[in-house]
Participant: 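This is the structure I have questions about; it appears just below.
Here is the naming used below: chain letters follow the sequence lines, and residue numbers restart at 1 for every chain.
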Amino acid sequence: MIQLVRGFKDILPPETSVWQYIENTAKTHFENFGFREMRPPVLEQAALFQRSIGEHTDIVEKEMYTFAGSRDTLLTLRPEATASVVRAYIQHKLYAADPVAKFYTIGPMFRKERPQKGRYRQFQQINAEVFGVDAPYLDAQLIFMLMTFFARLSVSGLQVHLNSLGCPQCRPAFKESLSHMLSAQSDKLCADCLRRLEKNPLRVLDCKVPGCRKVVAEAPSMLDYLCRSCQVHFDAVKSALEGMAVPYEIDPWLVRGLDYYTRTAFEIQTAELGAQNAVAGGGRYDNLVEMLGGPSQPAIGFAVGLDRLADLVMAKFPPAEPGPEVFFLPMGEAAMEMTAHWASLLADAGVRTEVDFSGRSLKALMRRADRMGAQNVLMIGDQEIADRAVVLRNMKTRDQVQVPLDALVENVKAHLEKPNVA
RNA sequence: GUGGGUGUAGCUCAGUUGGCAGAGCACCAGGUUGUGGCCCUGGGGGUCAUGGGUUCAAGUCCCAUCACUCACCCCA
C-alpha cells in the first residue's frame, strides 16, 4: 500500500479538534492585538528564501524543497513564512497608505530535515509580523501577546529567552572579536564548530558539545558590544517586559538560525518536548524589507510551532470526541427513510446528530450509540410510525419519553433544552 | 547527512536451543424475537515491514532495503 511520505503526518480526529481550538484561540487573540490574517501561497521563487534567510544557512543549503518551475525559475516550498509576508508587503505596496501593518498567517512550512520528536518535514506555524514600527515597546508587546496566548491555552512551564543581536553598526566588531577568540581556542572546539567558525561564528555560541560550551563560557557576549542605540532599545524592551510582569531570561547565547535578524531575538522554550525545546521564536528584522527591494521599514515577527504547541496542549488535555446529542436508531426500511429526513432537518437546525443505517439489531445500534457517547438516542420502528410518535431516550438517566412525529425537530429541541434531572 | 533503538491481529505486546501464529483490549454475533454499560459463550480477523540467503524446517539466524522512533546537526 502507498504510505505517507517520510517526515509528513496525518492529523486525525480527535486530535484535529485540538488544532482547531489552538487556531481559533490564536485568531481571536491576535486580532484583539490588531493583527489581520494574510494568506500567502506555500510556493515561492527559490530566490526569495536565498536572499532573505541567507545563502549559507542550513535551511537554504540543504533543507529546502526546491524544483524547477517554468522557464529558468526555481520554485521552493516555503521553509518559513516571514519572507513571503515581506514579499507581499512590498509587492502590493501595503506600506503606501500606512507603513505600519500587522499580519498573522497560519499554515504549513516545509524543511527537508531528518524527522524526530517535534520536528517534521511539513510543520504548521502561526506567524505574526509587524512592519513600520521600531519602538522597543512593540517588541515587548509581542512577547506579551505570545505569553498570554499560551496562557489562554493553559500551557505552562514556558520560559522567555531574550537576547539582542545588535545591528550592522555594532555586530561586525563583535563577530570579529568572537572569531578571534574562538580561533585562538580552536583546538578545543568540535568538528562542527570548526566549520561554523568559518561560515558563521555566531552559531558556535549555541553548540551543545561540553568542550565547546566551556570555550563559549569565556567568549565575549554580543551584549557587551551593543552600540548606543541598540543598548537603549534592548534596555527599553527589558523594562517594558518588567512593566507588564513578563518574566524573562537574558540568554546571550541565543542565536537565531536565520541571517536576517537584528536587535531583539527571543525564543519561548519548554522542558517538556525533548530536544526540540523551542515552541516559538522570533525577533527583529529591521533590514529585511529593504534587502528584498522594499522601502526602509523596520519589522519584527515571530513564529509559533503548532505541532509542538499541540503536543503541549494534548499532554494536558487529551482530546475527546464530543458524541452526538441525538443518535437516530431506525428499525426497518420505512423508519430509515423517515430518519434520513428528520435527522437531516435536526442537524440543519443546529443539533449534533448521528444516524445508524446499518439495519442491525437494536441492541447493536444501542451499543454503538453508547460507545460513541450519544447523549440521547431516538428510536423509530414500525410501532412508532403507527403511533406517530418516536421514543427519545436519555442515555445517562435512562428516561424515555414519546415525542410526536409531527414537528419533530421543534419537539426534540424543546425536549433537549429541558434541564436534566439526573 | 551521521548514530542508536524498534517493526508480529485495529491497538498494546508475548513468542524459549529454529519445530502447527498467541494473549489482553477492541470489533462482530448470541445469551435478551425492540433497549447500551457489567457478566457469560462463541466468532471473524496475520504478506510475522519488504526482498533475498542459510536450513528438512525461519517470526526466530545472516544480508540488503523500507518505515517508524530517539539523538546529533539545525530549527518552530
Participant: Quantified in whole Å, what is the P atom distance between nucleotide B/U55 and nucleotide B/C62?
Facilitator: 16 Å

Participant: What is the pairing partner of B/G36, taking Watson-Crick or G-U wobble pairs with both distances under 3.5 Å in any strand?
Facilitator: none

Participant: Can a side chain N or O of A/Arg371 be found less than 4.0 Å away from OP1 or OP2 on B/C27?
Facilitator: yes

Participant: Using the side-chain heavy atoms of A/Glu384, tell me which of these nucleotides is nearest: B/U35, B/A76, B/G34.
Facilitator: B/G34

Participant: Apply side-chain contact (heavy atoms from CB on, under 4.5 Å) to residues A/Met331 and A/Ser361 and explain how you reach the verdict.
Facilitator: CA-CA 8 Å; A/Met331 290 162 281; A/Ser361 70; over 6 Å; no

Participant: Considering only the C1' atoms, how many Å lie between B/A64 and B/G7, rounded to the nearest integer?
Facilitator: 16 Å

Participant: Pick base, sugar-phosphate or nothing for A/Met379, based on heavy-atom distances below 4.0 Å to the nucleic acid.
Facilitator: base

Participant: Would you kindly compare A/Val391 and A/Ile59 by the position of their nearest RNA chain B nucleotide and give the one closer to the 5′ end?
Facilitator: A/Val391

Participant: Whether the side chain of A/Arg119 and the base of B/C74 hold a donor-acceptor pair under 3.5 Å is what I'd like checked.
Facilitator: yes

Participant: Is any side-chain N or O of A/Arg360 closer than 4.0 Å to OP1 or OP2 of B/A29?
Facilitator: yes

Participant: Return the 5'-most residue of the pair A/Gln400, A/Glu267 with respect to RNA chain B, ranking by each residue's nearest nucleotide.
Facilitator: A/Gln400

Participant: Look at all strands and tell whether A/Phe327 reaches a base, only sugar-phosphate, or nothing, counting heavy atoms closer than 4.0 Å.
Facilitator: nothing

Participant: Who is the Watson-Crick or G-U wobble partner of B/G43, with both distances under 3.5 Å?
Facilitator: B/C27

Participant: When A/Val130 is tested against each of A/Phe35, A/Phe103, A/Phe302 for side-chain contact (heavy atoms from CB on, under 4.5 Å), which residue passes?
Facilitator: A/Phe35

Participant: Choosing from B/A76, B/C74, B/A71, which nucleotide comes nearest the side chain of A/Glu63?
Facilitator: B/C74

Participant: Between A/Glu267 and A/His161, is any side-chain donor less than 3.5 angstrom from a side-chain acceptor?
Facilitator: no

Participant: Hey, is the main chain of A/Pro79 close enough, under 3.5 Å, to the side chain of A/Arg111 for a donor-acceptor pair?
Facilitator: yes

Participant: Separation of A/Leu365 atom CG from B/C28 atom C1', in whole Å?
Facilitator: 13 Å

Participant: Say you pick atom P in B/G52 and the same atom in B/A57; how far apart are they, in whole Å?
Facilitator: 16 Å

Participant: Between atom CG in A/Asn277 and atom C1' in B/A71, what is the gap in whole Å?
Facilitator: 14 Å

Participant: Are a donor atom and an acceptor atom from the side chains of A/Tyr104 and A/Glu129 found within less than 3.5 Å of each other?
Facilitator: no

Participant: Which nucleotide in the list B/A71, B/U35, B/A76 gets nearest to the side chain of A/Arg114?
Facilitator: B/A71

Participant: On a whole-Å scale, what distance lies between the C1' atoms belonging to B/A14 and B/A71?
Facilitator: 29 Å

Participant: With a 4.0 Å limit, can you tell me whether A/Gln125 has a side-chain N or O closer than that to the phosphate oxygens OP1/OP2 of B/A76?
Facilitator: no

Participant: Return no unless some side-chain N or O of A/Arg6 is found under 4.0 Å from OP1 or OP2 of B/C68.
Facilitator: yes

Participant: If we ignore angles and hydrogens, is there a donor and acceptor under 3.5 Å between the side chains of A/Glu44 and A/Thr76?
Facilitator: no

Participant: Grab the CD1-P distance between A/Ile268 and B/A76 for me, whole Å please.
Facilitator: 12 Å

Participant: Main chain of A/Ala299, side chain of A/Asp286: is a donor-acceptor contact present, judged purely on distance under 3.5 Å?
Facilitator: yes

Participant: Which whole-number value in Å describes the distance from A/Leu362 CG to B/G31 C1'?
Facilitator: 16 Å

Participant: Heavy atoms under 4.0 Å, any strand shown: does A/Arg367 hit a base, just sugar-phosphate, or nothing?
Facilitator: sugar-phosphate

Participant: At under 4.0 Å, does any side-chain N or O of A/Arg368 touch on OP1 or OP2 of B/G37?
Facilitator: no

Participant: Rounding to the closest angstrom, what is the interatomic distance between B/U65 and B/G3 at atom P?
Facilitator: 12 Å

Participant: Look at all strands and tell whether A/Asp382 reaches a base, only sugar-phosphate, or nothing, counting heavy atoms closer than 4.0 Å.
Facilitator: base

Participant: Rounding to an integer number of angstrom, what distance separates B/G22 and B/G45 when you compare their P atoms?
Facilitator: 14 Å

Participant: What interatomic distance, in whole Å, is found between C1' of B/U8 and the corresponding atom of B/G46?
Facilitator: 8 Å

Participant: Using whole Å, report how far CG of A/Asp356 lies from P of B/U35.
Facilitator: 16 Å

Participant: Let's test your reading of the model: under 3.5 Å, does the base of B/G36 pair with the side chain of A/Arg393 as donor and acceptor?
Facilitator: yes

Participant: Heavy atoms under 4.0 Å, any strand shown: does A/Ala280 hit a base, just sugar-phosphate, or nothing?
Facilitator: sugar-phosphate

Participant: Need the pair for B/G22. Rule: Watson-Crick or G-U wobble, both distances under 3.5 Å, any strand; none if unpaired.
Facilitator: B/C13

Participant: What does A/Ala364 touch in the nucleic acid at a heavy-atom separation under 4.0 angstrom: a base, only the sugar-phosphate, or nothing?
Facilitator: sugar-phosphate

Participant: Is a donor-acceptor pair below 3.5 Å formed from side chain A/Glu61 to base B/G1, judging by atom type as modelled?
Facilitator: no

Participant: If B/C72 has a Watson-Crick or G-U wobble mate with both distances under 3.5 Å, name it; if not, just say none.
Facilitator: B/G1

Participant: Hunt down the Watson-Crick or G-U wobble partner of B/A57, both distances under 3.5 Å, from any strand shown, or write none.
Facilitator: none

Participant: So, for A/Phe149 and A/Phe30, is the gap between ring centers shorter than 6.0 Å?
Facilitator: yes

Participant: Would you classify A/Lys363 as touching base, sugar-phosphate or nothing, given that sugar-phosphate means primed atoms plus P, OP1 and OP2, and contacts are heavy atoms under 4.0 Å?
Facilitator: base

Participant: Examine the side chains of A/His233 and A/Asp139 and answer whether a donor and an acceptor come within less than 3.5 Å of each other.
Facilitator: yes

Participant: With a 3.5 Å cut-off and just heavy-atom distances, do the side chain of A/Arg398 and the base of B/G36 make a donor-acceptor pair?
Facilitator: yes

Participant: Can you tell me the distance, in whole Å, between the CD atom of A/Gln383 and the C1' atom of B/U35?
Facilitator: 15 Å

Participant: Look at the side chain of A/Met366 and decide which nucleotide, out of B/C74, B/U35, B/G34, has an atom nearest to it.
Facilitator: B/U35

Participant: What is the distance, to the nearest angstrom, from the CZ atom on A/Phe8 to the C1' atom on B/C66?
Facilitator: 17 Å

Participant: Does B/A64 pair with anything, Watson-Crick or G-U wobble, both distances under 3.5 Å, and if so, with which nucleotide?
Facilitator: B/U50

Participant: When we call it a touch if two heavy atoms are under 4.0 Å apart, what does A/Gln276 touch: a base, just sugar-phosphate, or nothing?
Facilitator: base

Participant: Distance between the P atoms of B/C27 and B/G59, in whole angstroms?
Facilitator: 31 Å

Participant: Compare side-chain N and O positions of A/Gln116 against OP1 and OP2 of B/C72 and report whether any pair is under 4.0 Å apart.
Facilitator: yes

Participant: So, the side chain of A/Glu417 versus the backbone of A/Ala414: is there a donor-acceptor pair under 3.5 Å, distance only?
Facilitator: no

Participant: Send over the distance from A/Glu272 CD to B/A76 P, rounded to a whole Å.
Facilitator: 20 Å

Participant: For the side chain of A/Asp58, counting heavy atoms from C-beta on, which of B/C73, B/A76, B/G36 is nearest?
Facilitator: B/C73

Participant: Using a cut-off of 4.0 Å on non-hydrogen atoms, how would the nucleic acid contact of A/Gly118 be classed: base, sugar-phosphate, or nothing?
Facilitator: base

